[in-house]
Amino acid sequence: MPELPEVETVRRGLTQLVAGATIDHVDVYYPKMVRPDAEIFTADLIGRKIEKIDRRGKYLLFRFSGDLTLISHLRMEGKYDVQPEGSPIPKHTHVIFHLKDQRELRYNDTRKFGRMRLVKTGTEATELKSLAQMGPEPTESALTLAYMQRVFGKSHKIVKPFLLDQSKIAGLGNIYVDEVLWLSKINPLTPADTLTQAQLSVLRQNIIAEIARAIQGHGTTVHTFSTAFGETGDFQNELHVYGHEGEPCERCGTEIVKIKVAQRGTHFCPHCQPYPPEMQEGLVDD
DNA sequence: AGGAGTGTTAGTAA
DNA sequence: GTTACTAACACTCC
């Protein structure tokens, strides 16, 4: 479930719940999930204090005492929650961080896609290529129009997978890409380097504003996302196209369609987001 | 039974 | 080097 707004929502919840807590010991029930090997992973964490929790793109970065950082990616269904010591362990709980205050920080992940890496603080980029190559955060200061013009201008990749590429802009996923393209009236099949300066400017503003709004709404719950407090997000009520196939476009009434683009379900309004010129060649018009 | 799902990476081909 | 498509990861839900 987690794109940047959901990961940020989790980060804020976890900060309230476990920042300042100290690890007593750690149990790993699905060893493939962690690196280095579970034995080293668990041994290194004993007695460490969770000093703070950062985020970069869709990665959570738990900062521990003694210059240790846990890099955690939730992938599709990863979730953290905090439970009293000894509560029943659900089927899909894969890692438990036992805290010294009789609570447990638990990682749950139905599909087991999530991954954790324990590294020395400061070596994150060396240890993880995707962190080293991560594009700017979608904020007013980090995502400049000049940057947008430069990177879009040199790629002929169509804009949907372009925006999903974390090395271009950090944190966007399938839901918010569809939403910002609808807000910007850009067809998902448009090649990145054919967008006009005006379109890039509009797209940039919509990305920045939409991500900020989604964070304010505590993220989007479409399948099973919940915050660290076990609550759902609110932003699913603010979606315009994702999950709205067959419904009328809020702007023009045309039926929202769903197609496959770059192997991902893609929702858009065929009237507000017309196909780019090079795709319309050969189409019969009146 | 078959397909799709909020993500990412590896492999292959053009 | 770039783009595009497939498979894989593992599991649930419709």
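First the proteins, then the strands, lettered A, B, ... as listed; each starts at 1. Note that this is a predicted model, so its numbers are computed, not measured.
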Under the rule for salt bridge (Lys or Arg N to Asp or Glu O under 4.0 Å), what residues qualify as partners of [X], not counting sequence neighbours?
X	answer
A/E127	A/R117
A/E104	A/R106
A/K100	A/D24

Just by protein heavy atoms under 4.0 Å, how would nucleotides 4-14 of chain C read 5' to 3' in B, S and -? SSB--BBBS--
Taking only the side-chain nitrogens and oxygens of [X], find out if one of them lies under 4.0 Å from OP1 or OP2 of [N].
X	N	result
A/K58	B/dT8	yes
A/S130	B/dT8	no
A/H73	B/dG7	no

Test of understanding: with side chain to side chain contact (heavy atoms under 4.5 Å, CB included), list the residues that count as partners of A/R251, not counting sequence neighbours.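 So A/R251 forms a side chain to side chain contact (heavy atoms under 4.5 Å, CB included) with A/W182, A/K185, A/C249, A/C272.
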When all nucleic acid strands are considered with a 4.0 Å heavy-atom cut-off, which category describes A/K260: base, sugar-phosphate, or nothing?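 Touches sugar-phosphate only.
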Looking across every strand, which nucleic acid part, if any, lies under 4.0 Å from A/K154 by heavy atom: base, sugar-phosphate, or nothing?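 Touches nothing.
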Should the ring pair A/F97 and A/Y80 be called parallel, tilted or perpendicular, given that the plane angle runs from 0 to 90° and is split at 30 and 60?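 Tilted.
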In whole angstrom, give the distance that lies between atom CD1 of A/I71 and atom C1' of B/dG7.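 Distance check: A/I71 CD1 to B/dG7 C1' gives 17 Å.
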Using whole Å, report how far CG of A/D178 lies from P of B/dG7.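 So the CG-P distance, A/D178 to B/dG7, works out to 10 Å.
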Transitive ILVMFWY cluster of A/I96 at side-chain heavy atoms under 4.5 Å: who else is in it?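 So far as hydrophobic clustering goes, A/I96 is joined with A/Y29, A/I89.
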Considering only Ile, Leu, Val, Met, Phe, Trp and Tyr, and joining two whenever side-chain heavy atoms are under 4.5 Å apart, list the other residues clustered with A/V202.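 Cluster partners of A/V202: none, it stands alone.
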In dot-bracket, 5' to 3', how would DNA chain C read with Watson-Crick or G-U wobble pairs under 3.5 Å, [ ] for crossing ones and | for pairs to another strand? .||||||||.||||
According to side chain to side chain donor-acceptor pair (under 3.5 Å), does anything in residues 37-52 of chain A pair up with another residue at least two apart or in another chain? List the pairs.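 Counting only pairs at least two positions apart or across chains, the side chain to side chain donor-acceptor pair (under 3.5 Å) contacts touching residues 37-52 of chain A are A/K52-A/D54.
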For B/dT8 versus C/dG1, give the span between their P atoms, rounded off to a whole number of Å.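 The answer is 23 Å between these two P atoms.
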